[in-house]
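For reference, the structure is listed below as structure tokens.
A, B, ... follow the sequence lines: proteins, then strands. Residue 1 opens every chain.
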Amino acid sequence: TFVANNLLSAYVRCKRLQDARRVFDGLVKKDVVSWNVMIGGYAQQNHASDVMELFHKMCRDNVEADAITYFSVLKACVSPTALKWGEEVHARIRHAGIESDVRVGTALLKMYATCGSIKQARQAFDKLTNRDVFSWNVMIGAYVKTGSMDDARLVFDRMGKRDVISWTVMIGGYAESGLGEKAYELFPEMKREGLRPDAATFMSILNACASVGALEWVKAVHGHSLEVGLESDMRVSNALIHTYAKCGSLGDARLVFDNMGQRDVVSWTGMIGGLAHHGYGHEALEAFRNMIGEGVKPDEKSFVAVLAACSHAGLLDDGRQLFLSMTQDYGMKPDVFVCNCMVDMLGRAGYLEEAMQFISDMPVKAD
RNA sequence: CUUCGUGGUGCUAU
């Protein structure tokens, strides 16, 4: 069984779930690890119904699930419709007597939050007697997700030892709720507690700057990022490009962009979006072509950015060509955002019939 | 022998 489990996990690691399943179904002796590997594979690929199907089969075979099984199964409950599954799994966890395990309890709390049941999430939190920093952070994040920043703050203030993630979640929550000032206030407080902001913290605080449009804040935050040695962190640089452009300084965005040693599709898309936002449609299109010239592969989001640029600049023919290139050269299926851009572009240019035709040919449902 | 519980960056309509 050890050998078979290793084979299984090799397939799963290569994301060859159908092969893994064939091996799994052929096993005469399955232990809990075999089940965990298979269920974990489905969970990772977000095949929720396969996870549940296998989990139920496991229960029918009288194999006792352990904490690892439950982590995977709970991970599959990710929507309000999956709440029923989650509750059923919760009942089994209670029955197995591992509800008080802090990791299991935190996973339950997270599951309820993800399924949109903040009340049950809070109940799970209150039931935990041995909370650790993860549990607190997940509870804060649950409130942040519902936009209840006051509740998030109450939990945050009650917390004993807060870590970088606690602060980052709060900062990101305030930024997302449009409370940029509150987010920005937390930044120095965090440092006063002796915590060092990491890349995620910077991305959250930059979000706050972008929502307020405060260029001076961006410059200050940029300076701090250099102080803590994040000057060559691509994620922070990408966020800086976007935020500088949003706050009106295309020049600073360009400066960050030009000084990067490596640029990925996010860096380029940030720059393209910034150029387009400032009315430089031709330059945005040129940047898109330069990106391809440098061997960076465009994705759906970069196509949306450049198509929007074409739309606003009235570059109808270029836009149509890009659309063809996207489907033919890159084999991408136009998503709802791409289709919106195309319809917007055609409509703006006065080609209403072609726009209507495009809508009826769309592979995605119109809204 | 198992992938075992938290946070973060780009696009459209806006």
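With rounding to whole Å, A/Met111 atom CE is found 13 Å from B/rG5 atom C1'. Spacing between atom CZ of A/Phe125 and atom P of B/rU6 amounts to 16 Å, rounded to whole angstrom units. Distance A/Lys75 NZ to B/rU6 C1': 13 Å, rounded to the nearest Å. Protein atom CE of A/Met38 is 17 Å distant from nucleotide atom C1' of B/rC1, rounded to whole Å. Following rounding to the nearest Å, A/Tyr70 (OH) and B/rG5 (P) show an atom-to-atom distance of 16 Å. With rounding to whole Å, A/Ile205 atom CD1 is found 19 Å from B/rG7 atom P.
Residue contacts for A/Ser72: at a heavy-atom cut-off of 4.0 Å it reaches no nucleic acid atom on any strand shown. When heavy atoms are screened at a 4.0 angstrom cut-off, A/Val102 is found touching base atoms of the nucleic acid. Among the heavy atoms of the strands lying under 4.0 Å from A/Ser135 is at least one base atom, whether or not backbone atoms are also near. Residue A/Gly41 is classed as a base contact, given a heavy-atom separation below 4.0 Å to a base. Contact annotation for A/Asp66: no contact, since no heavy-atom pair falls under 4.0 Å across all strands. Base engagement by A/Ala200 is indicated by at least one non-hydrogen atom pair under 4.0 Å involving a base atom.
Judged as a ring-ring contact (aromatic ring centres under 6.0 Å, His included), and not counting sequence neighbours, the contacts of A/Phe288 are A/Phe303.
A cation-pi arrangement is found for A/Lys191 relative to A/Phe187, the charged atom lying closer than 6.0 Å to the ring centre and inside a 45° cone about the ring normal. In this structure, A/Arg320 satisfies the cation-pi test against A/Tyr351, with its NZ or CZ atom closer than 6.0 Å to the six-membered ring centre and inside 45 degrees of the ring normal. Within the cation-pi definition used here (under 6.0 Å to the ring centroid, within 45° of the axis), A/Lys30 qualifies as a partner of A/Phe24. A cation-pi arrangement, defined by a distance under 6.0 Å to the six-membered ring centre and an angle within 45 degrees of its axis, is absent between A/Arg103 and A/Phe134. Note that A/Arg162 lies in the cation-pi zone of A/Phe156, set by a 6.0 Å cut-off to the ring centre and a 45° limit from the axis.
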- Between A/Asp31 and A/Thr1, does a side-chain hydrogen bond (donor to acceptor under 3.5 Å, both in side chains) hold up when you go through it step by step? CA-CA 7 Å; A/Asp31 63 7; A/Thr1 308; 5.4 Å; no

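Counting only heavy atoms from C-beta on, A/Phe71 has its side chain closest to B/rG5 among B/rC1, B/rG8, B/rG5.
Contact check, A/Lys30 against B/rC1: no side-chain N or O comes under 4.0 Å of OP1 or OP2.
Side-chain N/O atoms of A/Asn137 and A/Ser166 include a donor and acceptor closer than 3.5 Å.
In this model, a side-chain donor or acceptor of A/Asp132 finds a partner on the base of B/rG5 within 3.5 Å.
In summary, the aromatic rings of A/Phe55 and A/Trp85 are positioned with their centroids too far apart to meet the 6.0 Å limit.
For RNA chain B, there is no stem of at least three Watson-Crick or G-U pairs with distances under 3.5 Å.
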- Going 5' to 3' through nucleotides 9-14 of chain B, assign each nucleotide B (protein heavy atom under 4.0 Å from a base atom), S (under 4.0 Å only from sugar-phosphate atoms) or - (no protein heavy atom that close). BBBBS-

